Amino acid sequence: MSTWDKQTSSSDEHSFNALPEPSPTTLSAPHWDACKRNQLLAQQCHSCQQFVFPPQPFCPHCVTDTLAWQRSPGKGRIYSFTEIHRPQTPAYSTPYVAAIIELDEGWHMLSNIIDSPATLLSINQRVEVVFIERGASKIPCFRRTL
Amino acid sequence: MTNTPFQDIAIVAGYNSQQAKHLEGQDDLSLLTDVIQNLLSQSQLTADDIDGININSAVWNLKPREALSMLGGQERWCGNEFMGIAAVIEAAGAIATGQADTIMIACAQAGEYSHTGATAPWTRPSHEFSECFGLYTAAEFALCAQRHMAIYGTQASALAEVAATIRCNGHYHPQAQFYGKGLVTPEQVLASRMVCSPFHLLDCCITSEGAGGLIITTAERARDMDAKAVFIVGAGTDRQGMSYTRAPVWDQCGDVGQRAARRAFEQAGLKPTDIDVCEFYDPFSFEIIRQFEAFGFCKPGEGGDFIANGRIAIDGEFPVATNGGLLSFSHAGTLQMLQKVIVAYEQLSGKMPTSLQVKNPTTAMATNGGSGALFCDVMLLANQATANK
Ligand SMILES: [Zn+2]
């Protein structure tokens, strides 16, 4: 009955010791490469001007293949946030804040708010991007601005 | 009102095994055997009468096609790998289009998760745009709840009221994981430790082992059978892409399920006020509030007030998650999605434990999914083939 055997879970024990690093795909590699240079990139459609994130192979709004990577100033506001007390894995020290950021260009991304306790945060709080080293990668986090 | 094809399909048996944190000495195979035997005896059918199946166990990787041999090797219709309402819709479509007459749908999970240091593996999707920020299922749903609370002023006490109501139901259900574990008050929910704001521990679903299943057939055959029949009178699915791969932006996902519900209500000739039992998916307390708004039971932003004053209790106007739901009955892989249809069947056929039986219900709404997961499937059921009130 070999096919009944439980499949080995890919991300169990080994990942508990270290914070997870992004594993870029061909599609997302430009975003993660830019993070290493402290730049935040999202796709923008040349035809309809809409921003697209996470990256797509063609524009989901007008279905043309004229997407190009654009640098974002990395400024925006907190769309929503949660203070996490039970961590994803023990590698995280708690509490930490996860948030949806609405960039000024209108696109959204998941991220972390650093340098501020949740008690000082509110929805619509202005934030700006800051790049944090994570192994061989850098991940885009955000902190409060005025 | 003419019947839609769904209304010619009936559920004629439904069964759950005992649900528990851990079922000692049980595995998928022993649980599925128990389910299959009980469904056949309940419906007084033989294995030969079953000409279609969708039996699977996603986490243990048992595929429906592989499970076919459990009922003998003869030719049968076979479902795809999804579970829950989507599987019932698929099977109903197969019967409605003449591909099969009587289909068994079942699901089991045992022997899965035991690590206490981290959140369950299936709640930790490894996607590049969520994992490295420490997100997991509860946190994604929390981002939806927080946004709702900020823009509408929804109170944590409303979430706690939902959680306490559902957990009290589970206390009374003999097959529930939390059977007899004590009644829960909103104050206890608010006093339980914070998982990710605004969710306290008791706002969040449990993890379980268990099994369950049901049999559906044509309404015509159901009338000839000795079994209690419950009719599918409407259904729909809303999907927005893969769960947990992008930010759950409330403006985009807050009303997921609305389109599906509207279509289901149209098919059934029903409206929200006609629904007697609300077997809504309850991965987190807030999702109950969200669904009342998304499905049109109340206006956007009014859900927190809508659930107050006993309205969602067993003897209230819109009882929710009457077996204890994902918060205290069971949450075993994908089984809990199918269990929303099973409990709707049990309510409408009068098979619930006495203290949880809603008084003479004629209609029920079952749902799967949620805002944070970017999908919501709905099914309307009735104890008459034509449900119009
Ligand atoms: Zn475009």
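Side chains included, hydrogens not; waters and symmetry mates left out as well; all remaining heavy atoms used. Small disclaimer: the values here were computed from a predicted structure and weren't measured.
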### Message
Any non-hydrogen side-chain atom of Arg167(B) less than 4.5 Å from a side-chain atom of Phe178(B)?
### Response
yes
### Query
Are a donor atom and an acceptor atom from the side chains of Ser208(B) and Gln177(B) found within less than 3.5 Å of each other?
yes
### Query
Can you tell which of Glu21(A), Met109(A), His85(A), His31(A) has the highest number of heavy-atom pairs within less than 4.5 Å of chain B?
His85(A)
### Query
For the candidates Asn124(A), Ile101(A), Leu110(A), Ile123(A), which exhibits the highest count of non-hydrogen atom pairs separated by less than 4.5 Å from chain B?
Leu110(A)
### Task
Go through Met149(B), Met194(B), Arg193(B) and name the one with the most non-hydrogen pairs under 4.5 angstrom from chain A.
Met194(B)
### Heavy-atom pairs under 4.5 Å with chain A, option from Cys144(B), Pro248(B), Ala150(B) with the top count
Pro248(B)
#### Entry: Which portion of Tyr96(A) sits near chain B, non-hydrogen atoms under 4.5 angstrom
side chain
### Query
Is the side chain of Glu209(B) donor-acceptor paired with the backbone N or O of Gln109(B) at a distance under 3.5 Å, no angle test?
no
### Task
Answer yes if the side chains of Lys138(A) and Asn38(A) hold a donor-acceptor pair under 3.5 Å, and no otherwise.
yes
### Query
Does Arg147(B) make a cation-pi contact with Tyr79(A), if we ask for NZ or CZ under 6.0 Å from the ring centre and within 45° of the axis?
yes
### Query
Between Gly134(B), Cys196(B), Ala142(B), which shows the greatest number of heavy-atom pairs under 4.5 Å with chain A?
Gly134(B)
### Summary
Given Ser122(A), Pro140(A), Ser137(A), Ala118(A), the one with more heavy-atom pairs under 4.5 angstrom with chain B than any other is Pro140(A)
### Task
Considering only heavy atoms and a distance below 4.5 Å, find which of Ser111(A), Ala99(A), Pro24(A) pairs most often with chain B.
Ser111(A)
### Query
Mind checking whether Phe53(A) and Phe129(B) have parallel, tilted or perpendicular rings, split at 30° and 60°?
perpendicular
